[in-house]
Amino acid sequence: MLKKALLGAVALLALVGHAEAEDLKEFRIGILGGENEADRLRNFQCLVDKLPAAIGVEKVSLFPAADYDGVIQGLLGGTLDYAELGASGYAKIYLAKADAVEPILTTVQTDGSTGYHSIMVARKDSGITKLEDLKGKKLGFADPDSTSGYLIPLVTLPEAIGAPVKEFFGETGFGGGHENLVLEVVKGTFDAGTTFGSGIGEFKDGYTSGNLRKMADKGIVDMNDLVELWKSPLIPNGPIVVRTTMNDDMKAKFKQFMMDLPKTDAACFSAIQGGDFIGYTEVNADFYKPIIDARKATIGG
């Protein structure tokens, strides 16, 4: 009996050791949809190059999803190790399985804040200059799991327009991610659309960071063609999350690598974040409780 127990313990330890060894072979990065896939892969390539030596893995693999939910499901299923989410995306995971991932870091804006804004834009030549002009018109959202592109407008717009979103607008729809949403506004598919930006600096530049800034920098949108109609209250910057079951050593090494990245490789830091930021600061689930509560009360898990 004792011999069997000892053998069982040895076998269990071997399995645990094997699991940790497996954990160290490949580091899997999930990349949210909403931007051209080639651009996303190029922006994250620096992590493929640098992370193996920094955290002790054989290789780093990138998994660009077609939409937000692709990454969310990968994290819930344990097939991804790290991703950068919006707060609403993290809330969806938390409401489905609170211990699936750990939020460890978020970005710090150039003014020291840890938030950003939902920005509603329209074509400048549309004649639409304020929210009231959108009565009965078509509003585009970015993605059902986007914080700035859907959840926050859904929660905060009613106060600004004096009516529920469904009653004020003639029609709403989704643009298939932030980049495509803005392009659809430019094309005229939507009269206006919700995307995101830091709200710091000048609108004409696309602000200091966010989707508008990335699109302006890539030359795929001319900010002179757009007008800002509405800016939301401050939204908590989305979290860097890691798989909770990842071994502690890898978590610590990865977290330190990311904390150091703005100084060790500013170009890589800027590429993966899409704009100007000071660096990272530590966060946990409590930081996102207002967003978790808002999602639970409106669109659910």
Side-chain angles (χ1 to χ4, degrees), residues 23 27-34 47 55 63 65 67-109 112-118 142-156 196 198 209-210 232-262 272-273 277-301:
D23 201 20
F27 191 79
R28 302 156 301 180
I29 298 174
I31 309 175
L32 294 178
L47 296 187
I55 65 176
F63 296 91
D67 56 17
Y68 282 39
D69 195 55
V71 170
I72 289 167
Q73 296 307 319
L75 291 166
L76 281 170
T79 59
L80 296 174
D81 299 303
Y82 144 66
E84 305 211 9
L85 301 172
S88 183
Y90 169 65
K92 182 174 183 177
I93 293 175
Y94 183 91
L95 290 169
K97 187 180 179 184
D99 62 350
V101 298
E102 295 177 19
I104 56 171
L105 300 170
T106 194
T107 46
V108 180
Q109 305 284 8
S113 68
T114 53
Y116 67 113
H117 299 269
S118 174
D143 185 285
D145 292 314
S146 170
T147 316
S148 58
Y150 185 51
L151 178 63
I152 293 301
L154 197 66
V155 172
T156 61
F196 69 98
S198 66
S209 64
S232 76
L234 197 68
I235 306 167
N237 284 344
I240 287 176
V241 302
V242 294
R243 176 171 51 85
T244 303
T245 55
M246 186 190 304
N247 71 64
D248 291 340
D249 181 59
M250 181 182 281
K251 283 181 191 175
K253 287 178 178 176
F254 174 71
K255 184 175 182 179
Q256 191 61 53
F257 170 86
M258 295 300 284
M259 290 285 286
D260 293 341
L261 189 61
I272 63 175
Q273 295 306 329
F277 296 88
I278 293 174
Y280 297 110
T281 189
E282 294 182 78
V283 291
N284 56 32
D286 291 341
F287 186 70
Y288 297 101
K289 189 176 186 306
I291 302 298
I292 293 168
D293 292 344
R295 175 151 188 149
K296 184 177 182 179
T298 52
I299 58 180

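No hydrogens, no waters, no symmetry mates; every other heavy atom, side chains included, goes into these values. Given the structure is predicted, the values throughout are model-derived calculations rather than measurements.
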If you define the side chain from C-beta out and look only at heavy atoms, does anything of [X] sit under 4.5 Å from [Y]?
| X | Y | answer |
| --- | --- | --- |
| His117 | Leu234 | yes |
| Tyr68 | Leu85 | no |
| Asp81 | Val242 | no |

Where [X] and [Y] come nearest, the two heavy atoms and their spacing:
| X | Y | value |
| --- | --- | --- |
| Thr244 | Asp99 | OG1-O, 2.8 Å |
| Asp145 | Ser88 | O-CB, 3.7 Å |
| Gly238 | Tyr288 | C-OH, 3.3 Å |
| Glu84 | Gln273 | OE1-NE2, 2.8 Å |
| Pro236 | Ala87 | O-CB, 4.1 Å |
| Gly30 | Val71 | C-CG2, 3.9 Å |

Roughly how far apart are [X] [atom1] and [Y] [atom2], rounded to 0.5 Å?
| X | Y | atom1 | atom2 | answer |
| --- | --- | --- | --- | --- |
| Tyr82 | Glu102 | OH | CD | 15.5 Å |
| Tyr90 | Leu75 | OH | CG | 11.5 Å |
| Arg295 | Leu95 | CZ | CG | 7.5 Å |
| Asp69 | Leu32 | CG | CG | 10.5 Å |
| Leu80 | Phe27 | CG | CZ | 10.0 Å |
| Asp248 | Lys255 | CG | NZ | 11.5 Å |

Inset, instruction - Would you please name every residue forming a side chain to side chain contact (heavy atoms under 4.5 Å, CB included) with Lys253, sequence neighbours left out? - result: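 With neighbours one apart ignored, the set is Ile55, Asp249.
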
Inset, instruction - Return the set of residues passing side chain to side chain contact (heavy atoms under 4.5 Å, CB included) with Ser148 (not counting sequence neighbours), or none when no residue passes. - result: Tyr116, Ser118, Ser146, His178, Phe196, Ile235

Inset, instruction - List the steps and the verdict of side chain to side chain contact (heavy atoms under 4.5 Å, CB included) for Val241 and Ile93. - result: CA-CA 11 Å; Val241 302; Ile93 293 175; 5.6 Å; no

Legend entry - CA sep, side-chain torsions, deciding dist, call: Ile104, Glu282, side chain to side chain contact (heavy atoms under 4.5 Å, CB included): CA-CA 6 Å; Ile104 56 171; Glu282 294 182 78; over 6 Å; no

Inset, instruction - Would you please say whether a donor-acceptor pair under 3.5 Å links the side chains of Thr107 and Asn237? - result: yes

Inset, instruction - For Tyr94, look at atom OH and say whether over 12 heavy atoms of other residues, nucleotides or ligands are found less than 6.0 Å away. - result: no

Inset, instruction - Look only at the side chain of Ser113 and the backbone of Gln109, and say whether a donor-acceptor pair between them is shorter than 3.5 Å. - result: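 Answer holds: no.
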
Legend entry - Audit row: Phe63, Thr79, side chain to side chain contact (heavy atoms under 4.5 Å, CB included) steps and yes/no: CA-CA 10 Å; Phe63 296 91; Thr79 59; over 6 Å; no

